[in-house]
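One-based numbering, in listed order, for ligands and for the atoms of each.
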Amino acid sequence: MTRKIVTIVGARPQFIKAAAISREILKHPGTLEEVMVHTGQHYDPNMSQVFFDELEIPVPKYNLEVSGGTHGVMTGRMLEGIEKILIDEKPNWVLIYGDTNSTLAGALAAAKLHIPVAHVEAGLRSFNMRMPEEVNRILSDRVSALLLCPTQTAVDNLALEGLIQGVHNVGDVMYDVALYYRERARASSRILETLGLVEKEFALATCHRAENTDDAVRLEGIISALAEIAREVPVVLPLHPRTKKLLQQFGLEHYLADLKVVEPLPFLDMVALEQAAKVILTDSGGVQKEAFFYQVPCITLRDETEWVETVELGWNQLVGASNAQISAAYSSLASPVRTTQVAPYGNGSASRLILEELMREY
Ligand code: UDP
């Protein structure tokens, strides 16, 4: 009997994770069938289509084209669209990823139709309920039948909330992704030459979390610190559309003149830059971990992180968004003791283990 999985994606990090699982699903023709739904949350070609092309992700059967609007409008419209699809497709599983509005809409639509939900990246917590991502995670986990955790920390977080059934530590899909694309990126990307960069002599930065972009003080703290670091080494900033808009709105674009600002990058270029960087400064969850996988020191522009292992092992400094703290972390890059002996994100078989769970009889 063929099992049908409806996969819900909508944002850049979800396309990347779905690439790994879809590749694994394709190894089981006749047993598993995947129907891809793109909610439309990220719609710029360089935030969406380029990932489908480069990572060979199955073409979505449905695109709901829900983008922009408030959280309520966006999530509501997605919920309505996904429900219709699930009624038509009658899948055995709905597969959701991470912590975006697309994740929550998929979880809610499926749970109300009594379709089991499998959540990849279950159990992550920042313990900051002002983050929209934290709300999405907690609610999605609560209605999921299969909680596919990337770390033991995530398993423990769920246990604290009383969630024990259906919880599995499968390791981090992003580690599978890193292992798969690491060499491919080095072989195929020409981004270092294009940007005129020398290996280990530049910094790579990303910034897009609402807590930073929507707060003029935090955004200025970050962007001014990057401009200062740029006096010592080139700072490459693939600029997220939201950050670009808010920098303009707050009158902070002048700081960009000191940086190497580029459009959001295709994945293989990003991975090539990450591996070659001297340091990575970011508020992204995925990028913090990629820094860890590629053994590049990371400065995280947030007050808390879900990826506590990267901090505990000395690879990541959690500094917030003040100019002084970011600059201090950059100046003290040489000091932390960094451990490479521990593998908190599994052994690169998360996708396979997730598939085993999806094929198990429940
Ligand atoms: N990424 C990319 N191009 C960029 C910036 C990021 O391909 O210009 C990749 C990055 O390597 C990581 C993922 O996007 O795999 C992280 O996505 P994002 O930072 O948007 O989301 P988060 O991980 O914070 O949820």
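Donor-acceptor pairing under 3.5 Å is recorded for the side chains of Y255 and E220.
Distances from ligand 1 to the non-hydrogen atoms of M174 include at least one value under 4.0 Å. Ligand 1 is approached by E274 to a heavy-atom distance shorter than 4.0 Å.
If you check which protein heavy atom lies closest to atom 25 (O) of ligand 1, you get P13 CG, 3.5 Å. The protein non-hydrogen atom at the shortest distance from atom 4 (C) of ligand 1 is R12 NH1, 3.2 Å. In terms of protein heavy-atom proximity, atom 13 (C) of ligand 1 is nearest to I16 CD1, 3.6 Å. At the top of the distance list for atom 1 (N) of ligand 1, counting protein heavy atoms only, stands M270 CG, 3.7 Å. The protein heavy atom nearest to atom 10 (C) of ligand 1 is E290 OE1, 3.3 Å. Protein heavy atom closest to atom 23 (O) of ligand 1, with residue, atom name and distance, is G286 N, 2.7 Å.
Contacts of E133 with ligand 1, taken as heavy-atom pairs under 4.0 Å, are absent altogether. Proximity of R209 to ligand 1, defined as any heavy-atom pair under 4.0 Å, is confined to the side chain (atoms from C-beta onward). Both the backbone and the side chain of L265 come within 4.0 Å of ligand 1, judged by heavy-atom distances. Contacts of S284 with ligand 1, taken as heavy-atom pairs under 4.0 Å, involve both backbone and side chain.
Near F267, with a cut-off below 4.0 Å to any heavy atom, the atoms of ligand 1 are 7 (O), 11 (O), 15 (O). Below 4.0 Å from some heavy atom of G285 lie the following atoms of ligand 1, by number and element: 22 (P), 23 (O), 24 (O).
In terms of heavy atoms, E306 sits closest to S126 at OE2-CB, 3.1 Å. Counting all heavy atoms, side chain and backbone alike, W93 lies closest to R3 at NE1-NH1, 4.3 Å. Contact record, A118 with L148: CB-CD1, 4.1 Å, taken as the closest heavy-atom pair.
Between the choices F51, Y181, W307, the shortest heavy-atom distance to atom 7 (O) of ligand 1 belongs to F51.
For D303 and R218, the salt-bridge test passes: some basic side-chain N is under 4.0 Å from an acidic carboxylate O.
Here the options are L204, T206, D269, V296, the test is side-chain contact (heavy atoms from CB on, under 4.5 Å), and the partner is E274; only L204 passes. A side chain to side chain donor-acceptor pair (under 3.5 Å) with N136 is found for exactly one of T103, T75, N101, namely N101. Of the options F15, Y181, Y180, a ring pair (Phe, Tyr, Trp, His ring centres under 6.0 Å) to F267 is made by Y181 and by none of the others.
Backbone and side-chain nitrogen or oxygen atoms of D99 are examined, and none is located within less than 3.5 angstrom of a nitrogen or oxygen of ligand 1. By the 3.5 Å distance cut-off applied to N or O atoms, P264 is not counted among the residues near ligand 1.
Ring centers of F52 and H38: under 6.0 Å apart, within the cut-off.
Proximity of P344 to W307: side-chain heavy atoms (C-beta onward) are nowhere separated by under 4.5 Å.
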